[in-house]
Amino acid sequence: GQGGRRLHQPVRAAAPADGGDDGQAGALVGAWAGAVRRGLKRRPDFFGSIDPRHSFTQAPLHAIRRTPVLIRRPNGALSRMDASAAAPNFSFFALFMQADWVVKGVMIGLILASLGSWAVILDKLFRFNTLNRAADRFEEQVGGGRSLEDVAGEAGANPPHALPRMLQAALKEWREAKTRAMTENQTAFLVARIDRILDTIIARETAKVEEGLGSLAIVATASPFIGLFGTVWGIMHAFQSIALSKNTSLAVVAPSIAEALFATAIGLIAAIPAYIAYNKFSTDAGKYAGRLEGFADDLSTAIQRRLTER
């Protein structure tokens, strides 16, 4: 009975009677065991309040992107740097400044060609609008029932437009022939001479309105190939950089390739407006030349009718 009750009683560590080394060792073991139990109950501060059931991959992306990076300076000191600050700059000005000197020369040439083509485009827009409005007004005066001499007199001595000059030249030949008697052959020669004079005026005016279209054609056809040359040169330079750095990562290759492709983009920017403008103004020049030829035919017919009535 009494022996059985002693089996269920907790075993207590007997304190040494003399306070020797055995007692000190037992105290140290007990303190260490308590510290271990308290440390297991607490999570490390590194995990914070993250639930251990969750994965670390569920952390927000902005927290990962903004992770500070320690960079060692040449003097050996460590400096904190944001990872996003090392991203390359792909703005147009940055691509131009970072490009090779050959690619820069290609870009500058294409930009100058584009500016020249736009100068021609604006000049042609203004000129064709002015010529067509003046032609409309003059044709309204001629078709208003007034005499050709009155219309030619109102145009002045040296009219800037082609239609009044054509009318004045035809009437001048008519006035010289009216003062003398003419045979049928002389009348035919007079009509042929008037046609040649009108054709000369038409050819000169057509050459004036077509001036500058050749430069648009050159820019439209050559700019893409010049830009392609800059692209090929830039890609060759990029491969050389890869070979020297022995690094094929996209961060090393992307800036050089972007600079090379930027040359092709400038070539297309210069070529597309020039190509569209060349086709449009060529059509407008053809229409204007046809308008002058139609007026010349009507004027020649009117002169022939007057000669026949004589």
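Numbering of residues begins at 1 and proceeds along the displayed sequence. Nothing here was measured: the structure is a model prediction, and the numbers come from that model. All heavy atoms count here, side chains included; hydrogens, waters and symmetry mates do not.
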Check [X] against [Y] and note the closest heavy-atom contact, atom names and distance.
{"X": "S300", "Y": "V191", "answer": "OG-CG1, 3.9 Å"}
{"X": "S117", "Y": "A270", "answer": "OG-O, 4.5 Å"}
{"X": "E205", "Y": "L292", "answer": "CB-CD1, 3.8 Å"}
{"X": "V106", "Y": "G227", "answer": "CG1-CA, 4.3 Å"}
{"X": "P160", "Y": "R165", "answer": "O-NH1, 3.0 Å"}
{"X": "K208", "Y": "R127", "answer": "O-NH1, 3.0 Å"}

Distance check, rounded to the nearest 0.5 Å: [X] atom [atom1] versus [Y] atom [atom2]?
{"X": "Q304", "Y": "L299", "atom1": "CD", "atom2": "CG", "result": "10.5 Å"}
{"X": "I194", "Y": "M166", "atom1": "CD1", "atom2": "CE", "result": "11.5 Å"}
{"X": "I121", "Y": "I276", "atom1": "CD1", "atom2": "CD1", "result": "9.0 Å"}
{"X": "T231", "Y": "F262", "atom1": "OG1", "atom2": "CZ", "result": "11.0 Å"}

Taking the inter-plane angle between the rings of Y288 and H161 on a 0 to 90° scale, is it parallel (under 30°), tilted (30 to 60°) or perpendicular (over 60°)?
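Y288 vs H161 ring planes: perpendicular.
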Can K280 and T283 be said to form a side chain to side chain contact (heavy atoms under 4.5 Å, CB included), step by step?
CA-CA 5 Å; K280 179 187 184 304; T283 303; 5.9 Å; no
Does N158 CG have over 12 foreign heavy atoms under 6.0 Å away?
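Not buried by this count: 12 neighbours or fewer within 6.0 Å.
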Take a 6.0 Å sphere around CD of E149 and say whether it holds more than 12 heavy atoms from other residues, nucleotides or ligands.
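Result for CD/E149: enclosed.
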Give me the one residue out of [options] that meets side-chain contact (heavy atoms from CB on, under 4.5 Å) with [X].
{"X": "F126", "options": "L122, T130, D123", "result": "T130"}
{"X": "L110", "options": "L115, L268, T264, I266", "result": "I266"}
{"X": "S223", "options": "T221, V219, I226", "result": "V219"}

Which pairs, with at least one residue in residues 225-237 and sequence neighbours excluded, count as a salt bridge (charged side-chain N to carboxylate O under 4.0 Å, His left out)?
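Every candidate salt bridge (charged side-chain N to carboxylate O under 4.0 Å, His left out) pair involving residues 225-237 fails, so no pair, neighbours aside, qualifies.
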Under 4.5 Å between any side-chain heavy atoms of L190 and R193, yes or no?
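Of all side-chain heavy-atom pairs linking R193 with L190, at least one is under 4.5 Å.
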Hydrophobic clusters here meaning ILVMFWY residues chained together by side-chain heavy-atom distances under 4.5 Å, can you tell me if [X] and [Y] are in one?
{"X": "W118", "Y": "L213", "value": "yes"}
{"X": "L198", "Y": "L167", "value": "yes"}
{"X": "F229", "Y": "M107", "value": "yes"}
{"X": "F128", "Y": "L125", "value": "yes"}
{"X": "I201", "Y": "V209", "value": "yes"}

Going by ring pair (Phe, Tyr, Trp, His ring centres under 6.0 Å), name the pairs with one or both residues in residues 138-159, residues two or more places apart or in two chains.
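Every pair satisfying ring pair (Phe, Tyr, Trp, His ring centres under 6.0 Å) with a residue in residues 138-159: F138-F295.
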Checking N132 against K287 for the side chain to side chain contact (heavy atoms under 4.5 Å, CB included) test, could you report, in this order, the C-alpha distance in whole Å, the side-chain angles of both residues, the deciding distance, and whether it holds?
CA-CA 10 Å; N132 289 325; K287 290 180 180 180; over 6 Å; no
Could you go through K124 and E210, starting from their C-alpha distance and side-chain angles, then the distance that decides it, and tell me whether this counts as side chain to side chain contact (heavy atoms under 4.5 Å, CB included)?
CA-CA 9 Å; K124 291 303 177 184; E210 290 180 350; 6.0 Å; no
If only atom types and distance count, is the side chain of S282 paired as donor or acceptor with the main-chain N or O of N279 below 3.5 Å?
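Judged by distance alone, no pair lies under 3.5 Å.
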